[in-house]
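I have placed the structure first, in the form of structure tokens, so that the comments after it can refer back to it.
Counting starts at 1 for both ligands and their atoms, following the listed order. For the numbers below, each heavy atom of this structure counts, side chains included, while hydrogens, waters and symmetry mates do not.
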Amino acid sequence: MKRLRAGWVVPVDAPPIRNGRVVVDRGRVVRVGPDDADAPRGTAIDLGSGVLLPGLVNAHTHLELSHLAGVVGPAPFVPWVRALIAARAGETPEQVRGAARLAIAAACTSGTAAVGDVSNGLYHLPDLAASHLRAVVFHELIGWDPERAESSLAWARARLADLPAELAAHGVEVRPAAHAPYSVSPKLLALMAAEGGPASIHLAESAAETRFLLDGGGEFVEFLAERGLGHVPFAGGARSPVAHAGACGILHPGLVIAHGVQTDATDHARLAECGVHVALCARSNLALGNGLPPLPALVAAGVRICLGTDSLASAPSLDLLAEAVELHRAFPQVPAEFLVHAATLGGATALGLADHGRIAKGTRAAFAYVAADGEVVDPFHHALSGASATGLFFE
Ligand SMILES: [Zn+2]
């Protein structure tokens, strides 16, 4: 049993506690409250005057792309997608796993306790299982040719059925997911929807995607032709990306959409009504020239917001708190408390992890601590001051 004391403890689902104490035992929180005078058993650890948060939840990342850090540089979106595909052509499982292991370690060091991790290859699942990270892995399907929709789905089903059963006992769960509406046919999306998924999709990320779904034109026409898919007829549906996803039947409360940049008030109302989770990845959006997501409008509409870093192929780091800091800088009118919620409980809710994202009796004893030099007046502002978090794990 250990007693952690900090200048502030932020349970997230309850008001912050000045001079707070968290008691942990066998990997779980057993008590949270003020650091009062009673003297319970266990080792006392005084963290200092900073802010203790629940372990951060990165709701959208791609650990398997970590070997591409600095390889696929910041670029306009469609050229970046092309460069990414070219760079992945020669990747080996060893290369993917080696870089993923380092990325997992870096994520933990900066306070991340759980991830929504998109993967095509699934090579690094043993590395996730051996780590501190609790992981919901989104097994991502790509398939634009509707003639092959059934066979793609059957292949993915068999792939997931073949995974070792012990992964779940090590905190790794794999769910079917789709890449994006310009790479997954409406037919395949509808088939996945009929089976309760997909659990994740990139949606409303770029202007090129919006144009393609509107009238079947723009940069993705040439892109698909290059991929040998020019014969697939697609005229668009005069719809926004969110409306397209709705027409394919995939908008449901178990869906995490990444990005949501190209969205308007009608889309926001629909996302809120469907209970869809939107993982904002601001630094990736900026690096790829996609602009920032309309956070204040999303918040006003009541859309369920969480945060992601996206991959090291487009973001500078897997430091989730840095994402919240970026959004705080860009949108100071959005309360800091909202962004702290998005980085913790928002992500845990999106991934369905009931024992993450808050500090309460029974939750996992995994934390992000933001140190401070002196007394902290506002714990939410301090959490987003730009100071890095440190991960603390008690297994
Ligand atoms: Zn992504």
Side-chain angles (χ1 to χ4, degrees), residues 57-69 71-85 87-88 91 96 99-100 103-104 107 112 114-122 124 128 135-142 174-184 189 197-210 220 223 241-242 245 250 255-263 276-293 305-320 322-323 326-327 342 347 350-351:
V57 182
N58 185 346
H60 181 80
T61 187
H62 305 243
L63 291 165
E64 72 178 8
L65 301 183
S66 300
H67 64 292
L68 300 177
V71 174
V72 189
F77 188 66
V78 178
W80 177 84
V81 176
R82 265 193 198 98
L84 182 76
I85 292 168
R88 291 196 72 179
E91 75 186 16
V96 168
I104 289 167
T112 297
V115 289
D117 178 29
V118 179
S119 175
N120 311 111
L122 305 178
H124 64 297
L128 277 169
V136 171
V137 176
F138 298 121
H139 181 228
E140 183 184 74
L141 275 185
I142 296 175
V174 186
R175 299 178 190 164
H179 174 251
Y182 53 82
S183 59
V184 181
L189 288 177
S200 162
I201 189 167
H202 296 85
L203 194 74
E205 182 174 7
S206 67
E209 173 194 334
T210 300
F220 277 117
F223 172 84
V242 168
I250 64 168
L255 176 69
V256 181
I257 75 166
H259 304 300
V261 176
Q262 296 269 325
T263 51
V276 171
H277 299 268
V278 181
L280 305 179
C281 308
R283 296 184 306 163
S284 170
N285 297 148
L286 291 172
L288 303 183
N290 289 327
L292 285 166
I305 299 295
C306 50
L307 305 184
T309 57
D310 220 341
S311 78
L312 290 176
S314 60
S317 73
L318 300 185
D319 180 348
L320 191 75
E323 292 292 333
E326 183 72 45
L327 287 166
L351 301 181

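Looking only at distances, no side-chain donor or acceptor of Asp117 sits under 3.5 Å from a matching main-chain atom of Val137.
By the 30° and 60° cut-offs, the orientation of the rings of His259 relative to His60 is perpendicular. Between Tyr182 and Phe223, the ring planes lie perpendicular to each other; the angle is over 60°, past the 30° to 60° tilted range.
Among the atoms of His62, an N, O or S atom falls under 2.8 Å from the Zn ion (ligand 1). Among the backbone and side-chain atoms of His259, none of the N, O or S atoms lies under 2.8 Å from the Zn ion (ligand 1).
Rounding to the nearest 0.5 Å places CG of Leu320 at 5.5 Å from OG1 of Thr112.
Rounded to 10 degrees, the NE2-metal-OD1 angle spanning His60 and Asp310 at the Zn ion (ligand 1) equals 100°.
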